[in-house]
Each structure stands twice: as C-alpha cells, then as structure tokens.
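Just so we're on the same page: letters track the sequence lines, and every chain starts at 1.
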Amino acid sequence: MRIHPVAWILWATGAGIVAFTTTNPLYLGLLVAVAWFVYAARRIDGPTARSFRTFALAGAVALVLRTALSAVGGPLSPASIAYGTLEGARLAALLVVFGTFNAVTDPFGVLRLAPRRFHEPALAAALALSIAPRTVDMARRVREGQRLRGIEVGRWRSLPALAVPVLETGMEEAATLAESMDARGHGRGRRSRYRAEPWSAEAVVMTFAALLAAATFAAAAWSGWGSLHPSTSPLEWPSADAVLLVAIGLLTVPGLRTPRRVREGSDAIAEVTR
Amino acid sequence: VALIAALAASGTLIPAAAGSAPACAASGGGPHAGLVVGTGSQTLTYCVAMDGDTVSGIHLIELASAQYGLQYRLGYGGQAVCQLDGIGPDGDDCFADYPYFWGYWHGDGGTGWTWASTGAGSARVGDGDMDGWTWGTGMSGDTHQAPPHLSFDDVCSAETTPPPTTPPPTTPPTTPPTSPPTRPPTTPPHSSPPGTTPPTGGAGGAHPRSSSPTGSNASPSGSASAAATHATATEPSGSAATGAGTEASGPIVHVAAGSPAPADGGGGSAGTVIAIIAAVVLVAAGLFRMRAGRQLRAAISHAEEQPDARPDELSEGAGPNGRPPGEPNKP
C-alpha cells in the first residue's frame, strides 16, 4: 500500500522541524538513523531512489564545509570547531531527511497535489527534482558505454565527450516528458484526477506521529528544555532527554510495517529457490 | 577541571571560600588584569592572573573561571559571552534575552569605562588593563549601564583595599532575608576566612569582592541580612569549594541570589546510551531491509527468466527498471 504523498510531506516537515530546532548530536544522529531506516523500508524504484545517497553525500559535504568554515574569521579553538560541526550536523540531518522524502515519494505524485494556482512553479520544481538524478544516471550510463567501447575516459579531457550525449539525451527526455504529461492532462487548466489516492490508516498514524514529534521539539525549543543546544564552550558531552528521544522514535512509524511487496518478494524467493 | 569548578560554583549556594592570600597583588607575579562583572544586582570583581602578555577578553573570563570559579557560558562558537554568574541565555544565541545582553567595556585607565568597539574574542587585554561586563539594555555606551567606577588598583592592589566598613553591605531584594546567620552580623563583609590571612583587610585583602552596584538596589534594611549572607559566604565550607576555590585566592564574596544552576538534571548519560543504542538498532534494521530488497530484486530478475513467473505481481506495478514518471494516471 502506498502512502499518500501529503502524509509524506507532513512526515518530512515534522522531521525537518526536529532537525531544525536542535544542534544536539545525539538527537541529530538518531534522526539520521531514523531517516535511513524509513528510506530502507519504503524507497520506491525509479530514478529518484538514488536521491537518498546523493543527499546523504551532500549532507556529509555540508558537515565538512561548515566545520572548515568555522575556522574563518576568528581564532581557532575546540569550541568554535565544535560549534561549526554541530551547525553542519544540523544541515546534514535536514538534507538526509529531504533525501529520504525524495526517495520514498514520486515527485509527480507530489506535483499533482499542488493547487492550480501554483501549478507551474510546482511543475518546474518537480521537473528539477526529477531531472537532476536522471542526469546523474545518464552520465553514468554514457560513461559505461564509453568504457565498453574501449574509450579510456580521463577525468577532465573527456568532459565534452560526456556532456554532449548527456545533454542530447536530456533534451530528448524532456521533450518526451512534456508530451506525455500534456497527453495525461498535466497542462494548464486541463487537470483532472482519475484516481484519488486513498489515505490509509498507516498514513494517518504516521502523520500524527510526525506532527507530535515536531510539536514536542518545538515546545522544547520554546521553553528551552531538553538540552537542544549543548554548550560548546565550555565543551561538554551532550545529554539527551528520554521524552525527546521517544519523539524522534515516533518518526519511524512509516518504516515499521513490512510492505506487501517485500513479503511477496520473500515468498517468491522461496518459490524460485525451491 | 575549571569547567567542573565553574559548574560546582554556580550550582551551590555558597560558591567558594577558604584559601590563602592571593598571589595577585600588583607587585608580585606575572601580568594581571582586572575583571568586573555587573549582574545588575551585584558587582563581582576579579584580579585575574594572565597566562600571556595579552589575552583575549574571552580568555580572561575563562581564566577567571579557572582561578575563582566564575560561572560562564559562551555562544556563537565561543566568540560571544552568553552567561556570566548564571545570568543570560542558555543556548548558543547570546541575544536570546534581547534587549538584555552582556555589554562589554574596557577600563579607560582611571575609574571610568569605555564601550568596547570590538568583540571580546578579538579584544586584547594586557597587564594592568580592566575589562567590564554588565547585564543590561542599550546598544551603545551611552545607553547601556556602565560598570561601577573602579580602577585597576581597586581590584588588584592589596595596598588600596578599602577597610571593611567603607562599602555598606547591601543586598538585592531577591535575597531571602531569612537565611540564618552563621556568624554574628558584625562580621565584616570582606574578612578573609580564619586561617592564614588576618581579617583586617591589610595585606592580601579580598579579591574578588562584592560591592553595591549603583545604589539603586540598596535597601537600608537589608544590611543585617546582607551581613549574614556575607558571613555565610566567608564560611570555609570545603564541600562547595572545589579546586578553583581552595587553591586560588581569597574569598569570593558572592551573593547567591539569581544564579541558577545551568546544569540539566541527571539522566544525561542514560539518555546518551539510549540514543546511541537506538541509532545502531535502526541502522542495522535498515541494512537488513536493504538486503531483503536486494534479494527481492534478484528474485524478480530470476523470475523474469522463467516463463511461468509473473514479475508484475511481485513488484506491485513498478517494474524492476522503474516506471516512467507521470504514468500512474492512466485512465
């Protein structure tokens, strides 16, 4: 059973609020683990599935970059480095959550939810979201093809040889995509819904769980409780509040149930190997 | 150690006491700088021994914490002062309590103060300099409350230590007047603990010491209870005085009102363990799921080679190579 895209949006929003309100590495680490768990359980096949890895990589880069930037414009001390690292960790956690969101939802399913007034910006955003991972995928395929043909691909000199087929295929894909979307009623004013996606009980539960988690963290941030921002100077080992840990645990709800696909898959494995 | 001392000092009602005469008379030892902290209800002064010819304003506070147990907390990556003596915001945003914030001042060489034009992280404090911090409002030296008039000699020189009777002991209104005096109220507020230093305030003197802020908070009726408070503070209670208090200096006369402990209760280490275990379990479960997914894909591709198997059913609509986007709206 697929989960309604709105439920995923609310889940990602809740997880994003959690990441945004804290720089405590314990909370952020647990949040990243939860995002990975949900991604592993619910990722859908398709070009966007690889986006988790992309965003996780971007998060790692952000973490390193933010740490390095903390050395700029001030004397270097363990405290300033720790501060930069924790700020970077917050950014990395946000990116990982976004990566999970991208990998578990179909961007065009999300696009269909946009109100008519925002249709075009939403369309552009969805296209950008989908074209970036496709381009990466394309580059990989072209490079593979070149390698199979015995063309030794260096790093920089082969860039034109790589770029031309990638751009060309990208243009073709975009044209095909536009035609197919137009044919399916994605043009302005001609939208219609043939099949409204149902709100399953699971979607309702996960939405409430995510909102509860976000509300708990927002309340903690509001009242300054739960050591959301551990002191970096003097540098202290952060402490974690059990209530807030449970709140992060609420975000695992969409990953708890085994999707039917996997169960049937295991049955198929059993059958095939028999 | 300084950290623990700072926490202990701020978390207990009797911050620090006991010890011998400080080695910070202007004549002896290395370079010293005066540090004046005005919390609004009281003024704390410290004669800080420096570990270099010049130190930053931030480092001066760290030194005062190590030497006298001054509680502090920095923010913005250690570049700004959030908390002194338990007053100020808890997080990394030092302007969270705006319009109240810690204003930063430099001594002007006499007893006056000039508003610091640079941050404390980049300010250089040398031997004989004065640094001041006041909790208050106003974004410039014209509007922010300045520290009381004090010269370096007032803070650091033993010779000019005023006799105990000079500053009338006052108390902030928040001090509970019921605190039981452990000594007769006639005890001079700046007396050293019984021991090595004579209580006459001559040699050695009391550094740092507490004095009335600007007189606005002074209540005449409070002198008795203030004396009681000071008497309590000068009690050599070894339990409260950890490392910094015992070895460093004279009594830190320190009115405890309005210095809450910033420490966040117990259970911190348990929370750490739970958080790490939960994260590891989730990552392991995710890896398990990923492996199951890979086996599924292998099974599908295997089944595709078998004419009898129908991979469509297995994958719930999504083929192994992914479905082109935009397709689910098939009429």
Side-chain angles (χ1 to χ4, degrees), chain A residues 23 26-27 29-30 32-34 36-37 39-41 43-47 49 70 74-75 77 79-80 83-84 106-109 112 130 177 180-181 184-186 194-195 224 226-229 231-234 236-242 245 249 252 255 260-262 264-266 268-269 272, chain B residues 2-3 6 56 65 72-79 89-92 121-122 262 264 267-272 274-276 278-280 282-283 285-290 292-293 295-296 298-300 302-303 306 309 313-316 318-331:
Chain A
T23 54
L26 294 172
Y27 298 145
L30 186 58
V32 167
V34 166
W36 152 259
F37 174 72
Y39 159 73
R43 79 210 154 98
I44 56 173
D45 291 324
S70 66
S77 69
S80 65
Y83 179 75
D106 168 16
F108 289 86
R112 280 199 298 276
S130 99
L177 189 60
S180 74
M181 288 177 71
R184 288 177 175 83
H186 278 290
Y194 293 103
R195 192 171 53 182
S227 54
L228 293 178
H229 300 281
S231 161
T232 53
S233 63
E236 290 167 15
W237 181 255
S239 61
D241 189 277
L245 291 178
T252 58
R260 187 163 54 96
R261 197 159 64 83
V262 175
E264 286 187 357
S266 346
I269 292 167
V272 165
Chain B
L3 198 165
S56 72
S65 169
Y72 74 102
R73 186 185 168 104
L74 306 181
Y76 297 127
Q79 298 303 307
D90 254 340
D92 259 313
S122 44
D264 33 18
S269 56
T272 302
I274 294 170
I276 291 173
V280 168
L282 282 171
V283 168
L287 283 171
F288 181 75
R289 279 279 170 82
M290 291 295 273
Q295 281 176 350
L296 165 68
I300 289 169
H302 191 104
Q306 315 250 327
E313 285 180 0
L314 297 177
S315 59
E316 203 183 21
N321 294 323
R323 154 182 63 196
E327 208 172 56
N329 256 5
K330 219 174 283 177

**Student:** Nearest heavy-atom pair of R289(B) and A41(A): which atoms, and what distance?
**Tutor:**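 Looking at all heavy atoms of both residues, the closest pair is NH1-CB, 2.7 Å.
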**Student:** Could you report the tightest heavy-atom contact between V283(B) and A33(A), atom names first, then the distance?
**Tutor:**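 So the two residues come closest at CG2-CB, 3.9 Å.
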**Student:** Is Y76(B) close to chain A through its backbone or its side chain, or both, or neither, when contacts mean heavy atoms under 4.5 Å?
**Tutor:**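 Both the backbone and the side chain of Y76(B) come within 4.5 Å of chain A.
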**Student:** What are the two closest non-hydrogen atoms of L30(A) and A275(B), and how far apart are they?
**Tutor:**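 So the two residues come closest at CD1-O, 3.9 Å.
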**Student:** Shortest non-hydrogen contact from A279(B) to G29(A)?
**Tutor:**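 Minimum heavy-atom contact is CB-O, 4.5 Å.
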**Student:** Determine the option with the most heavy-atom pairs under 4.5 angstrom with chain B, choosing from W36(A), F37(A), Y39(A).
**Tutor:**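 Top option by heavy-atom pairs under 4.5 Å: W36(A).
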**Student:** If I take atom CD1 from residue I276(B) and atom CG from residue L26(A), how far apart are they, to the nearest 0.5 angstrom?
**Tutor:**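 Atom-to-atom, I276(B):CD1 and L26(A):CG are 6.0 Å apart.
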**Student:** Ignoring hydrogens, what is the shortest heavy-atom contact between H229(A) and R73(B)? Give both atom names and the distance.
**Tutor:**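 So the two residues come closest at O-NH2, 3.4 Å.
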**Student:** According to side chain to side chain contact (heavy atoms under 4.5 Å, CB included), who are the partners of I274(B), at least two apart in sequence or on a separate chain?
**Tutor:**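 Scan of I274(B) (side chain to side chain contact (heavy atoms under 4.5 Å, CB included), adjacent residues dropped) gives L245(A).
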